[in-house]
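One structure is given below, encoded as structure tokens.
Order of the sequence lines sets the chain letters (A, B, ...), proteins ahead of strands, with each chain counted from 1.
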2 protein chains.
Amino acid sequence: MKSLVLRCPIEEVMQVLSGRWPTLLIYYLKGGAKRFRDLRKDNPTIYHKMMTLELRTLKEAGIIERSEFGGYPLRVEYELTSAGHRLVPLIDALGDWWEETQGVDVNMERIDRKS
Amino acid sequence: MKSLVLRCPIEEVMQVLSGRWPTLLIYYLKGGAKRFRDLRKDNPTIYHKMMTLELRTLKEAGIIERSEFGGYPLRVEYELTSAGHRLVPLIDALGDWWEETQGVDVNMERIDRKS
DNA sequence: CGGTATCCTCGGAGATACTG
DNA sequence: CAGTATCTCCGAGGATACCG
């Protein structure tokens with residue numbers, strides 16, 4: 001998943017959203033701004049380093065915004081931009097499609113067996 | 001991107017669509033059934049092995065269907081299922097969102113921040 | 001022609017430690 | 001607390017050859 005061949009918006013957006021974390025992070029930011037450490041609590045299996053990297057690419061894509069508050073200990077908050085908020089329903093639609101699809105088309109056999 | 005923690009439909013659908021090829025393959029099948037070799041012409045940089053693997057996971061997800069016609073040389077065709085067709089507009093919406101976002105919002109916010 | 005098997009490498013990401 | 005630096009390791013996927 002490295003260099004792009006075409007300048008295709010779909011390929012580009014998938015480049016940003018691909019992988020396990022991006023959509024999860026967006027999901028957990030739906031409700032409003034959160035601190036770094038709270039996002040880690042939401043995603044207990046992600047590693048420190050990965051989270052900063054993932055958050056950075058989301059920021060560079062204009063999906064989230066990073067705010068650094070001075071003081072000690074440091075405090076950094078992330079929240080969805082307006083573009084990020086507009087993205088949420090599109091991702092949800094994919095989730096809905098998936099539930100629908102897996103329930104009906106693929107698992108037909110299972111349903112068959114039960115009846 | 002291995003084991004899933006949650007039974008979250010979004011995480012699951014992203015598992016299938018993540019990466020460079022799935023959405024591209026879906027895109028190239030929008031117009032109707034295609035042979036294996038024609039899909040390779042559409043995606044000249046994908047390798048033989050990868051394509052069979054990607055096509056297989058798409059099939060297992062119920063997005064495409066595989067038809068094998070006997071004869072020699074062998075002939076295999078792939079086409080979108082009805083679920084696959086319902087997925088297309090959702091992916092397109094992501095592409096549209098991306099174009100819109102990269103053109104307008106991201107730069108806007110940068111300009112805002114400067115003032 | 002389409003699919004599988006094999007080998008190999010290269011970098012993503014797990015894990016830990018350190019800095020501001 | 002958040003971010004960076006290192007080191008390591010494993011496996012996705014590139015490349016090629018062979019099979020049905």
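Between B:R56 atom CZ and C:dG3 atom P there is a gap of 8 Å when expressed in whole angstrom units. Put simply, CH2 on B:W21 is 11 Å from C1' on D:dG14, counting in whole angstrom units. Separating the CZ atom of B:R20 from the C1' atom of D:dA12 is a distance of 14 Å, rounded to the nearest angstrom. Here D:dG13 presents its P atom at 7 Å from CD of B:E54, a figure rounded to the nearest Å. D:dG14 atom C1' lies 16 Å from atom CG of B:N43, rounded to whole Å. Spacing between atom NE2 of B:H48 and atom P of C:dT6 amounts to 16 Å, rounded to whole angstrom units. Distance, B:I46 CD1 to D:dA15 P: 12 Å, rounded to whole Å. The separation between A:L53 atom CG and D:dA2 atom C1' is 13 Å, rounded to whole Å.
Judged purely by distance below 3.5 Å, without hydrogens or angles, the side chains of B:E54 and B:W21 never pair a donor atom with an acceptor atom.
Contact between the side-chain N/O atoms of B:R37 and the OP1/OP2 oxygens of C:dG2 is not found at any separation under 4.0 Å. Put simply, B:Y47 has no side-chain N or O that comes within less than 4.0 Å of OP1 or OP2 on D:dG14. For C:dG3, one of the phosphate oxygens OP1 or OP2 lies less than 4.0 angstrom from a side-chain nitrogen or oxygen of B:R66. Distances shorter than 4.0 Å separate some side-chain N or O of B:R35 from OP1 or OP2 on C:dG2.
Not a single donor-acceptor contact under 3.5 angstrom links the side-chain atoms of A:K49 to the base of D:dG3.
At a non-hydrogen distance threshold of 4.0 Å, A:P73, A:L74, A:V76, A:Y78 from residues 68-78 of chain A come into contact with DNA chain D.
Across all their heavy atoms, A:T101 and B:A83 have their closest contact at CG2-CB, 3.7 Å. The heavy-atom pair separating A:T23 from A:L17 by the smallest distance is CG2-O, 4.4 Å. Minimum heavy-atom separation, B:G19 to A:S18: N-OG, 2.8 Å. When every heavy atom of B:A33 is checked against every heavy atom of B:E77, the shortest pair comes out as CB-OE1, 3.6 Å. The two residues B:M51 and B:F36 have their closest heavy-atom pair at CE-O, 3.3 Å.
For A:K49, there are no salt bridge (charged side-chain N to carboxylate O under 4.0 Å, His left out) partners at least two apart in sequence or on another chain.
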**OP:** Check the pair B:R20 / A:M14 against side-chain contact (heavy atoms from CB on, under 4.5 Å), numbers first and verdict last.
**Re:** CA-CA 7 Å; B:R20 183 174 180 183; A:M14 288 311 295; over 6 Å; no
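A residue-by-residue look at A:L55 and B:M50 shows that A:L55 has its nearest nucleotide of DNA chain D further toward the 5' end.
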**OP:** Toss me the dot-bracket line for DNA chain C: Watson-Crick and G-U wobble, both under 3.5 Å, 5' to 3', using | for pairs to another strand and [ ] for crossers.
**Re:** ||||||||||||||||||||
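At a threshold of 4.5 Å between non-hydrogen side-chain atoms, the residues B:I26 and B:V88 count as touching.
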